[in-house]
Amino acid sequence: MSSLLSLDDVGQLAPAGYFIALRIGFAFPVEEINALPPEWVEHYTRNRYMLFDPVIRWAYAHTGIMVWRDLVGDDPKGILAKAEEYGLCHGVTISVFDGNAEGQRSFGSFARSDRAFSDLEIKVLEAFVKRRHREMAPPTNLTQAELQALGMVKDGLRLKQIAFELDVTEGAVKQRLKNAKDKLGANTSTQAAAIAAQHGLI
């Protein structure tokens, strides 16, 4: 099994559901994938379990691999037992931090209802989370001029206004925004500005 898993592959390895948060900064992840059962998500949210969830607490405080059953003794609210009622009977959480200056970490929680994960499955899921963490790293090749233009897009300025503020031609602004879109893999200037903001670049 390759570490170049797709989300479909992850779904086959974790048929009861999974949750992945990539590059969590001060508050929110750059990308979040929630494929947990909707009924569980609704119950979890309504009961504010995140405040007491031993899995989330572990993922924010540690790196490596944690099998959920090893957290049962640290679960006074019985959240893991409640999760089993929704088919999340066997789980593993993988947390990754690479020492980046932004302090961003990523983690993934994966669940099965039928059996525990094998060591090989856990290693493959760990490689997947580490790869996605690397892929979501903030770009380092944006120029100051490109970031300046993106910041103005984020602030709602139009092309003509940006050109006036920077004392350059509209064509120069278009080129800066095109370069930024290419580097960020964005389709629009607004999307590029949003991605740059998520990474804390603007």
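Residue numbers start at 1 and run along the sequence shown. FYI, side chains are in, hydrogens and waters are out, and symmetry mates aren't considered; it's all heavy atoms of this structure.
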Asker: Is it true that L150 and V30 fall in one hydrophobic cluster, defined by side-chain heavy atoms closer than 4.5 Å?
Answerer: no
Asker: Would you say the side chains of D8 and Q12 form a donor-acceptor pair under 3.5 Å?
Answerer: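 Short answer, no.
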Asker: Working note: E39 + E42, criterion side-chain contact (heavy atoms from CB on, under 4.5 Å); need CA distance, chi angles, decisive distance, verdict.
Answerer: CA-CA 5 Å; E39 305 81 19; E42 195 274 329; 5.8 Å; no
Asker: Tell me the closest heavy-atom pair linking A149 and I162, and the distance in Å.
Answerer: O-CD1, 4.1 Å
Asker: State plainly whether the residues E121 and R115 are in salt-bridge range, i.e. N to O under 4.0 Å.
Answerer: yes
Asker: Centre-to-centre under 6.0 Å for F97 and H133, is that the case here?
Answerer: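 Not close enough - the centres of the two rings lie 6.0 Å or further apart.
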Asker: Are K123 and D119 within salt-bridge range, i.e. N to O under 4.0 Å?
Answerer: no
Asker: Sort out for me which residue in V96, V129, I24 forms a side chain to side chain contact (heavy atoms under 4.5 Å, CB included) with F107.
Answerer: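 Answer to the side chain to side chain contact (heavy atoms under 4.5 Å, CB included) test with F107 among V96, V129, I24: I24.
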Asker: Mind checking whether L125 and F117 have side chains closer than 4.5 Å, heavy atoms only?
Answerer: yes
Asker: Is there side-chain contact between H90 and S113, with heavy atoms separated by less than 4.5 Å?
Answerer: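 Contact flag for H90/S113 side chains = no.
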Asker: Any side-chain heavy atom of P54 within less than 4.5 Å of one from V72?
Answerer: no
Asker: Measure the shortest side-chain to side-chain distance between F128 and L7 over non-hydrogen atoms and say whether it is less than 4.5 angstrom.
Answerer: yes
Asker: Closest approach of W58 and S95, non-hydrogen atoms and distance?
Answerer: CZ3-CB, 3.8 Å
Asker: Using 4.0 Å as the upper bound for N to carboxylate O, is an ion pair formed by D75 and R57?
Answerer: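 Judged by the 4.0 Å cut-off on N to carboxylate O distance, R57 and D75 do not form a salt bridge.
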Asker: Inspect the contact between K174 and E170 and indicate whether a charged nitrogen and a carboxylate oxygen are less than 4.0 angstrom apart.
Answerer: no
Asker: Decide side-chain contact (heavy atoms from CB on, under 4.5 Å) for M66 and V92; before the verdict, give the C-alpha distance in whole Å, the side-chain angles of both, and the deciding distance to 0.1 Å.
Answerer: CA-CA 6 Å; M66 174 55 72; V92 63; over 6 Å; no
Asker: Taking CG in N141 as the centre, count heavy atoms belonging to other residues, nucleotides or ligands within less than 6.0 Å. Is the count above 12?
Answerer: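 Yes, the 6.0 Å shell around CG holds more than 12 heavy atoms from other groups.
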Asker: Looking at NZ of K181 and OG1 of T190, how far apart are the two atoms once the value is rounded to the nearest 0.5 Å?
Answerer: 9.5 Å
Asker: Would you please classify the geometry between the Y49 ring and the H43 ring as parallel, tilted or perpendicular, with 30° and 60° separating the classes?
Answerer: perpendicular
Asker: Test your reading of the model: is there a side-chain donor-acceptor pair from E146 to the backbone of T143, 3.5 Å cut-off?
Answerer: yes
Asker: List the atom of Q191, the atom of N187, and the distance in Å for their closest heavy-atom pair.
Answerer: OE1-N, 2.6 Å
Asker: Compare every heavy atom of R158 with every heavy atom of Q161, then report the nearest pair and how far apart it is.
Answerer: OE1-N, 2.7 Å
Asker: Roughly how far, to the nearest 0.5 Å, is CG of N100 from CG of D98?
Answerer: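 Reported to 0.5 Å precision, the distance equals 4.5 Å.
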Asker: Answer yes or no: is there a side-chain heavy-atom contact under 4.5 Å between I33 and E31?
Answerer: yes
Asker: Do you know which two heavy atoms are closest between A193 and I202, and how far apart they sit?
Answerer: O-CD1, 3.5 Å
Asker: If we only count heavy atoms from C-beta on, is the I94 to F110 side-chain gap below 4.5 Å?
Answerer: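 I94 vs F110: side chains touch.
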Asker: Are L71 and F52 in one and the same hydrophobic cluster, where Ile, Leu, Val, Met, Phe, Trp and Tyr link if side-chain heavy atoms are under 4.5 Å apart?
Answerer: yes
Asker: Does a donor on one side chain and an acceptor on the other come within less than 3.5 Å for Y44 and D53?
Answerer: yes
Asker: One pair to check against side-chain contact (heavy atoms from CB on, under 4.5 Å): E32 and L22. What are the steps and the verdict?
Answerer: CA-CA 6 Å; E32 185 177 270; L22 298 169; over 6 Å; no
Asker: Checking T93 against W68: is there a side-chain donor and acceptor pair closer than 3.5 Å?
Answerer: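 Their side chains do contain a donor-acceptor pair, which is all the 3.5 Å distance test asks for.
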Asker: Please answer whether the main-chain N or O of L36 pairs with a side-chain N or O of N34 as donor and acceptor at a distance below 3.5 Å.
Answerer: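 Such a contact is found between N34 side chain and L36 backbone.
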Asker: Do K130 and R134 make a side-chain contact, defined as non-hydrogen atoms from C-beta onward lying under 4.5 Å apart?
Answerer: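 Of all side-chain heavy-atom pairs linking R134 with K130, at least one is under 4.5 Å.
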Asker: Apply side-chain contact (heavy atoms from CB on, under 4.5 Å) to the pair L5 and L13, showing each step before the final yes or no.
Answerer: CA-CA 10 Å; L5 295 183; L13 284 173; 3.8 Å; yes
Asker: Hey, does the side chain of S106 reach the backbone of R23 with a donor-acceptor pair shorter than 3.5 angstrom?
Answerer: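 Such a contact is found between S106 side chain and R23 backbone.
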Asker: Going by heavy atoms in the side chains, are P139 and L184 under 4.5 Å from each other?
Answerer: yes
Asker: Would you say Y86 ends up clustered with I56 if hydrophobic residues are merged whenever their side chains have heavy atoms under 4.5 Å apart, either directly or through other cluster members?
Answerer: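 In one cluster: yes.
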Asker: Check for a donor-acceptor pair, side chain of S189 on one end and backbone N or O of L177 on the other, with a separation under 3.5 Å.
Answerer: no
Asker: Tell me whether K82 is salt-bridged to E85, with the criterion being a basic N under 4.0 Å from an acidic carboxylate O.
Answerer: yes
Asker: More than 12 non-hydrogen atoms from neighbouring residues, nucleotides or ligands closer than 6.0 Å to CZ on R48, yes or no?
Answerer: no
Asker: Shortest non-hydrogen contact from G87 to A16?
Answerer: O-CB, 3.3 Å
Asker: With clusters defined by side-chain heavy atoms of hydrophobic residues (ILVMFWY) lying less than 4.5 Å apart, directly or transitively, does M136 cluster with I195?
Answerer: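 The answer is no; the residues belong to distinct hydrophobic clusters.
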Asker: When you check the side-chain N and O atoms of R105 and T63, is any donor under 3.5 Å from an acceptor?
Answerer: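 Note: R105 and T63 side chains miss the donor-acceptor criterion.
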